[in-house]
Amino acid sequence: MAALQPVRGTRDILPDEARQFRHIVDTGRAVCARYGFEEVATPIFEFSEVFRRTLGDTSDIVTKEMYSFTDKGGDDVTLRPEGTAGVARMLISGGLSQNLPLKLFYNGPMFRYERPQKGRFRQFHQIGVELLGVPEPAGDVEAIAMGAAVLDALGVAGNVTLELNTLGNAASRAAYRDVLVAYFTVHADALSEDSRARLARNPLRILDSKEEGDRRIVEGAPDFADSLDAESSEFFAAVRDGLDAVGIAYVLNSRLVRGLDYYCHTAFEFTTDALGAQGTVLAGGRYDGLVEQMGGPHTPGIGWAAGIERLALLAGEAPDAPRPIAVVPVGGDVERDALTLAETLRRAGFMVELGYRGNLSRRLKRANRLRARAALILGPEEVARGAVTLRDLDSGDQEEVALTALTERLSPYR
RNA sequence: GCGGGUGUAGCUCAGUUGGUUAGAGCACUAGAUUGUGGAUCUAGGGGUCGUGGGUUCAAGUCCCAUCACUCGCCCCA
């Protein structure tokens with residue numbers, strides 16, 4: 001118990017869970033491919049500056065959650081806390097702004113130094129997409145529809161709700177921020193300690209407070225809609241109209257805000273109440289200013305990310321493992337023949353388990369535990385006749401099959 | 001970073017007001033069955049009771065500390 005343990009917030013992924021993870025990633029990749037998205041990979045660590053520049057110095061991720069260290073060459077590097085910054089950096093480093101629009105899918109581990117709890121880990125895994133170079137609201141609609149399609153393909157669509165909001169363009173957001181700060185400053189004495197801190201750092205976040213006292217004050221706060229300029233309102237209307245057109249249901253949530261500074265216009269989250277305190281399953285939004293902020297050319301973007309662990313909790317049982325054929329040598333000196341047979345079948349594309357030790361009974365028991373569909377029993381008599389005994393482990397039927405006819409006869413078990 | 005809960009076999013757990021040698025089910029190994037699996041029966045292996053200290057004639061049980069896990073807050077996928 002007090003033996004070697006993995007680092008807090010990290011965990012081992014055993015075969016059953018690994019199969020489920022693979023299923024989630026494969027499903028995400030396949031669904032997104034239908035929208036023309038191709039997989040990319042960026043390094044799992046970057047210069048710390050990449051995240052500091054994009055996430056903003058005030059975000060919690062930067063101030064307390066980054067896994068940063070100095071490497072042997074003296075560089076300040078950070079394990080990526082999310083995927084968008086790395087993709088944006090890739091676009092700049094590779095001069096990919098010549099190839100817009102870019103439609104990218106990625107998956108892999110992310111790292112945040114947090115206290116672990118249900119559905120939250122220090123090393124966790126995400127699938128995500130980024131659509132770069134598309135300023136039109138159609139891009140937002142496509143990204144959201146693609147997220148919905150992934151959740152649907154994973155069978156979790158029934159457990160989630162799509163929440164939608166707009167943060168407006170930069171001008172609207174700044175205007176709203178001013179109005180909001182003015183309002184909350186008046187009521188500062190009544191706000192919780194956390195929210196007073198937010199007032200200076202990230203006032204939009206107060207809207208999302210869970211403190212009851214804060215909520216009463218939030219009730220009377222100015223509405224974002226009143227601060228939206230014409231461009232922002234029209235953009236949001238176009239996104240909603242597009243979602244209606246493709247039949248994707250959503251609820252408007254004016255308190256839905258983003259922790260990361262580079263978001264603008266569309267913000268959305270697919271949420272659930274089945275994961276304890278972690279309600280968000282798949283979330284994203286538009287980030288038109290990000291690439292420019294990192295020193296690249298102005299490049300609009302929209303994307304989302306989904307936590308694989310959270311999807312796995314919702315998706316339930318992993319798909320069944322593939323079922324092998326068991327080669328079972330028995331009696332006499334046939335081990336060598338069994339080895340040859342197993343290898344021949346593997347080269348022909350079959351999944352084959354070889355029984356290593358014990359009597360026939362024991363080896364069949366083991367074949368059964370491996371969920372084998374069939375056993376190929378090979379003893380001196382079969383070897384003498386150039387045949388094997390094929391036993392179907394589901395039905396119990398068995399027959400002798402000549403080696404020359406074996407691959408043909410086994411095709412139903414492939 | 002802050003608060004609550006829980007630590008007994010590989011897993012799920014029982015263990016009385018502190019009392020002699022710490023148990024069960026599942027799983028595992030072997031046998032009944034040296035050429036027939038799933039079921040059953042029998043036997044067996046497996047424990048520093050998370051760790052360290054304290055109280056006591058006596059601690060799995062009570063106290064303190066510590067570590068881990070877990071749930072929540074903050075924040076977020």
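Reminder, nothing fancy here: chain letters follow the sequence lines and each chain counts from 1. Basis for what follows: all heavy atoms, side chains included, without hydrogens, waters or symmetry-related copies.
In plain terms, the two heavy atoms of A:F124 and A:F111 that are nearest each other are CE2-N, 4.2 Å. Nearest approach of A:D223 to A:S254, heavy atoms of both residues: OD1-CB, 4.4 Å.
Within 4.0 Å of A:V328, counting heavy atoms only, lies no atom of the nucleic acid at all. Across all strands shown, A:F270 has no heavy atoms under 4.0 Å from either base or sugar-phosphate atoms. Base contact: A:E381 has a heavy atom under 4.0 Å from a base atom. Note on A:P380: a base of the nucleic acid sits closer than 4.0 angstrom, heavy atoms only. Residue contacts shown for A:G119 include a base, since a base heavy atom lies under 4.0 Å away. Contact annotation for A:I377: base contact, defined as any heavy-atom pair under 4.0 Å involving a base atom.
Taking atom P on both nucleotides, B:rA27 is separated from B:rU34 by 24 Å, rounded to a whole Å. Going from the P atom of B:rU8 to that of B:rG47 covers 15 Å, rounded to whole Å. Going from the C1' atom of B:rG4 to that of B:rA77 covers 25 Å, rounded to whole Å. Using atom P as the reference point in both B:rA43 and B:rG25, the two lie 11 Å apart (nearest Å). When the C1' atom is compared between B:rC62 and B:rU55, the two are found 8 Å apart, to the nearest whole Å. Nucleotides B:rG10 and B:rU56 are separated by 35 Å at their C1' atoms, to the nearest Å. If you take atom C1' in B:rG45 and the same atom in B:rA30, they sit 10 Å apart, rounded to whole Å. Here the separation of B:rG72 from B:rA65, taken at their P atoms, is 26 Å to the nearest Å.
To the nearest angstrom, C1' of B:rG35 lies 12 Å from CZ of A:R385. A:D394 places its CG atom 20 Å from the P atom of B:rU36, with the value rounded to the nearest Å. At whole-Å resolution of the value, CD1 in A:I127 and C1' in B:rA77 are 10 Å apart. When rounded to the nearest whole Å, the span between CG of A:D12 and P of B:rC11 equals 13 Å. Atom OH of A:Y67 and atom P of B:rC76 are 19 Å apart (whole Å). Across the protein-nucleic acid pair, A:R122 atom CZ and B:rA68 atom C1' stand 12 Å apart, rounded to whole Å. When the C1' atom of B:rG35 is taken as reference, atom CG of A:L393 falls 15 Å away, rounded to whole Å. Regarding A:L162, its CG atom lies at a distance of 15 Å from the P atom of B:rA77, rounded to whole Å.
Rounded to the nearest 0.5 angstrom, A:E400 CD and A:L390 CG are separated by 10.5 Å. Atom CH2 in A:W304 sits 9.5 Å away from atom CD in A:E130 (nearest 0.5 Å). One finds the CZ atom of A:F270 at 10.0 Å from the OG1 atom of A:T161 (value rounded to the nearest 0.5 Å). Rounding to the nearest 0.5 Å places CG of A:L164 at 9.0 Å from CZ of A:F268.
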Please produce a list of atom pairs where a protein N or O lies less than 3.5 Å from an N or O of nucleotides 27-32 of chain B.
| residue | atom | partner | partner atom | Å |
| --- | --- | --- | --- | --- |
| B:rA30 | OP2 | A:R362 | NH1 | 3.1 |

For nucleotides 1-5 of chain B, print each protein N/O atom paired with a nucleotide N/O atom at under 3.5 Å, atom names and distance only.
| residue | atom | partner | partner atom | Å |
| --- | --- | --- | --- | --- |
| B:rC2 | N4 | A:R115 | NH1 | 3.0 |
| B:rG3 | O6 | A:R115 | NH2 | 3.2 |

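Between A:Q117 and B:rG72 there is a side-chain N or O to OP1 or OP2 distance below 4.0 Å.
Heavy atoms of other residues, nucleotides or ligands lying less than 6.0 angstrom from OH of A:Y113 number 12 at most. More than 12 heavy atoms of other residues, nucleotides or ligands lie within 6.0 Å of CZ in A:F69, so this atom counts as buried by the packing criterion. Within a 6.0 Å sphere centred on OH of A:Y176, other residues, nucleotides and ligands contribute more than 12 heavy atoms. Other residues, nucleotides and ligands contribute only 12 or fewer heavy atoms inside 6.0 Å of the CD atom of A:E38. The environment of CG in A:D273 is sparse: at most 12 heavy-atom neighbours from other residues, nucleotides or ligands sit within 6.0 Å. Residue-environment remark: CG (A:D333) stays at or below the threshold of 12 foreign heavy atoms within 6.0 Å.
The residue among A:E309 and A:P6 whose nearest nucleotide of RNA chain B lies closer to the 5′ end is A:P6. Remark on RNA chain B: of its neighbouring residues A:T10 and A:A283, the 5'-side contact belongs to A:T10, judged by nearest-heavy-atom nucleotide.
Closest to the side chain of A:E65, from the set B:rC75, B:rA77, B:rG35, is B:rC75. In the set B:rC73, B:rA77, B:rG35, the nucleotide with an atom closest to the side chain of A:T280 is B:rA77. With distances taken from any side-chain atom of A:R391 to the nucleotides B:rU70, B:rA77, B:rU36, the minimum falls on B:rU36. Side-chain atoms of A:L364 lie closest to B:rG37 of the nucleotides B:rA77, B:rG72, B:rG37. Distance from the side chain of A:V330 is smallest to B:rG35 among B:rG35, B:rA77, B:rG38. Listed nucleotides: B:rA68, B:rG37, B:rG35. Nearest to the side chain of A:R8: B:rA68.
A:N169 and A:S232 share a side-chain donor-acceptor pair at under 3.5 Å.
Taken together, the paired segments of RNA chain B that extend over three or more consecutive Watson-Crick or G-U pairs, each closer than 3.5 Å at both contacts, are B:1-7 with B:67-73, B:10-13 with B:23-26, B:28-32 with B:40-44, B:50-54 with B:62-66.
Taking the six-membered ring for Trp and the full ring otherwise, the centers of A:H265 and A:F236 sit at least 6.0 Å from each other.
Partner A:V388 forms a side-chain contact (heavy atoms from CB on, under 4.5 Å) with one of A:L341, A:D337, A:V327, A:I377 and no other, that one being A:L341.
Residue A:Q398 places no side-chain atom within donor-acceptor reach of the base of B:rG35, judged by atom type and a 3.5 Å distance cut-off alone.
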